[in-house]
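Each remark here refers to the structure printed beneath this line.
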Amino acid sequence: MSVPFTSLKTLDPELVNQLQEALPDSLFTELQGALSVDQDRLKLAEYKIRILEERLRLLRIEKYGPGSEKLSDLQLELLELEPGVSSIEVEAESQRGQLDLPLKKARQHPGRQELPANLARVEQIIACPPAQCVCAQCGKETVVIGYESAEQLDVEPAKYFVRVTKREKRACKACEEQGVQCAPLPVRIIEKGLASDRVVIDTVVSKYADHVPLYRQSAILERETGIELSRATLDGWVMRVGELLRPISGAMGQELLKGDYIQADETSVGVQMHDGRGKNHLAYLWQYSRPGGAVVFEFRMGREREGPKRFLGNFEGILQSDGYGAYDHIGGPKLVHAACWAHARRKFFEAVKLHPKDQTSIRVVAQMDELFAMDAQAREQNLSQSQRQLRRLEKAKPLLEQLKRELEAARAEALPKSALAKACNYALTLWPRLTRFLEHPQLELSNNWVENSMRPVALGRKNWIHIGSQEAGPRVAAILSIVETCRRLKIPVRDYLASILPGLANFPINRVNELTPSIWGARR
């Protein structure tokens, strides 16, 4: 007698009675156990299918871009069958269905933007034509009574020229034994170099602020000047600047460690190894910073705990990071760990992308958005930290209690390895760190300051692809530290580099802290 692939509970009662009468008790019990095992296998198979479907959807979203987040699995499957689908087509298709998330308030257009007052003004006066210079009624000559003014941003293309430096040579005709004296050379970034300081600085800024790789800069120079400068020459300039900036980057790190709050994150970067394998090594740039303050990148060949442990030393302030375990058990005994709400929210938003109609994930994302909206409103109203903290205790605390209950209930109902369960586990595991902002007024809700400073590295990776060698890593990190800190502090990076780089090689090492961007900007 054949038995369907199911449990005895789902069989017809009469068939179960017939089986029990026909089979010995031991065989009937064995059949019950076998069918129960088959039922467990069926559930396990269904569970694995759901997990694989989630992974497949996530891969398709990554393939077709943000617009595909709003598409159903059937729409994504049709895209797979259609070769050469463009991002415009995906976006158009996505407009048919939207995620059921709270809409962001549309920003009002600020109107015509005023041009910065610090930019030089070059006036162009347009005279009236002859017909307007004579009165149409009496024929007398009209007089200028004022001007109708309008401003536009303009630019002069880069103009290359050869700077000829002539130093005076002096001698006394009456005292020939005194010899000839020559005016001293001005200090330069690269002594006896072919390029001026401004060309060297422009090369560094173009690569690490504007993400223009050296081979493109070499091509631009040849096109504009007719001079062929190899990438190796330009790279030599960059490495020289990086070596000069390393002590300043170290002094910036000491500035950070004297404070009470540091945000940290890390990102990968390829490094050429020159070992004959033809493969890049996966190294890391670790970033340490304070919101609105200095940014310090540190280059490490790995992602181990030794990196942050060495940098932070005995730091005993607040360290805000994601959930990566390398940040645990470092710093001094009083160090306070804080987590990032943006990372927690991102995991639930990924669950929404996988299951656009999952109301639990949508509700959690909306509650987290309320937290961010509170702080955004505090910024708009220019509230002090103490005023913001009062608002957090009044409004955020009850919201967090409700959110925690929601997460615990969702985790209990979700499949263990589903995107929703993983998101709940992440948030609940880090819950004490996520709620630490209620105790520390200076603490931000997220590490978004750090992530914004990581974006130039991500853009750079797509352009300059990798770091040329292990030895170049610390120099690149020093340049990135300066460029990103100047951006945050709104300091013109070219002016800063032109001010400190010439003569920096001979500057006393014990006074290098006087040249950090924050000190230089304050003096300026």
Side-chain angles (χ1 to χ4, degrees), residues 58 62 208 242 246 249-250 252-253 256-257 261-275 277-290 294-315 317-332 335-347 350 422-423 425-427 429-430 433-434 446-481 483-485:
L58 194 57
E62 290 174 354
Y208 292 107
R246 286 184 66 183
S249 177
M252 292 161 57
L256 277 177
L257 293 172
Y261 177 22
I262 291 177
Q263 293 183 329
D265 201 1
E266 75 288 337
T267 188
S268 61
V269 60
V271 179
Q272 285 186 307
M273 295 305 293
H274 307 285
D275 54 6
R277 294 185 303 154
K279 292 183 179 179
N280 287 342
H281 175 79
L282 190 65
Y284 285 85
L285 283 168
W286 298 74
Q287 190 212 118
Y288 308 92
S289 63
R290 183 183 176 94
V295 180
V296 176
F297 285 90
E298 188 184 45
F299 173 81
R300 304 287 297 181
M301 288 296 283
R303 203 185 178 202
E304 298 82 11
R305 181 179 286 114
E306 183 61 27
K309 183 178 181 180
R310 177 183 170 188
F311 181 88
L312 293 169
N314 293 318
F315 177 69
I318 302 170
L319 176 64
Q320 188 173 28
S321 63
D322 56 19
Y324 182 40
Y327 296 108
D328 298 335
H329 311 298
I330 59 176
L335 184 140
V336 176
H337 285 280
C340 169
W341 276 101
H343 282 82
R345 180 189 181 278
R346 192 173 302 147
K347 293 185 180 298
E350 286 179 358
K422 290 178 180 178
N425 284 330
Y426 180 89
T429 300
L430 295 176
R433 298 185 183 186
L434 285 170
S446 74
N447 259 11
N448 282 346
W449 280 91
V450 171
E451 297 212 348
N452 288 340
S453 294
M454 284 294 197
R455 286 174 184 168
V457 178
L459 287 171
R461 277 197 305 256
K462 293 181 178 180
N463 288 274
W464 36 261
I465 303 175
H466 50 232
I467 294 175
S469 69
Q470 181 175 347
E471 293 74 22
R475 301 173 188 177
V476 172
I479 295 172
L480 289 171
S481 300
V483 169
E484 185 56 26
T485 298

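Keep in mind that the numbers below use all heavy atoms, side chains included, and drop hydrogens, waters and symmetry copies.
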Output all residues satisfying salt bridge (Lys or Arg N to Asp or Glu O under 4.0 Å) with Arg461, sequence neighbours left out; order by chain, then residue number.
none

With sequence neighbours excluded, residues passing salt bridge (Lys or Arg N to Asp or Glu O under 4.0 Å) with Arg346
Glu451

Quick check: does any side chain N or O of [X] sit under 3.5 Å from a backbone N or O of [Y], one acting as donor and the other as acceptor?
| X | Y | answer |
| --- | --- | --- |
| Trp341 | Leu434 | yes |
| Ser446 | Cys340 | no |
| His281 | Met301 | yes |

Distance in Å, [X] [atom1] paired with [Y] [atom2], rounded so as to fall on 0.5 Å steps:
| X | Y | atom1 | atom2 | answer |
| --- | --- | --- | --- | --- |
| Glu484 | Tyr208 | CD | OH | 14.5 Å |
| Ser249 | Arg475 | OG | CZ | 14.0 Å |
| Gln287 | Ser453 | CD | OG | 4.5 Å |
| Tyr288 | Ile262 | OH | CD1 | 9.0 Å |
| Tyr327 | Asp265 | OH | CG | 5.0 Å |
| Phe315 | Tyr261 | CZ | OH | 10.0 Å |

Compute both the distance and the angle, then confirm whether Arg303 meets the cation-pi test with Tyr324: under 6.0 Å from the six-membered ring centre, within 45 degrees of the axis.
yes

Identify the heavy atoms of [X] and [Y] that sit nearest to each other, and give their distance.
| X | Y | answer |
| --- | --- | --- |
| Gly473 | Ile467 | N-CG2, 3.8 Å |
| Ala342 | Asn448 | CB-OD1, 3.5 Å |
| Ala283 | Val271 | CB-CG2, 3.5 Å |
| Glu266 | Tyr284 | CG-CD2, 4.1 Å |

Tell me if the NE2 atom of His329 is crowded by more than 12 foreign heavy atoms within 6.0 Å.
no

Taking atom CG of Asp328 as the centre, report whether more than 12 heavy atoms of other residues, nucleotides or ligands fall under 6.0 Å from it.
yes

For residues [X] and [Y], determine if any side-chain heavy atom of one lies less than 4.5 Å from a side-chain heavy atom of the other.
| X | Y | value |
| --- | --- | --- |
| Arg455 | Asn452 | yes |
| Arg310 | Arg300 | yes |
| Leu430 | Asp322 | no |
| Leu319 | Ile330 | yes |

Passing candidate, side-chain hydrogen bond (donor to acceptor under 3.5 Å, both in side chains) with Gln320, options Arg433, Gln263, Arg290, His337
Gln263

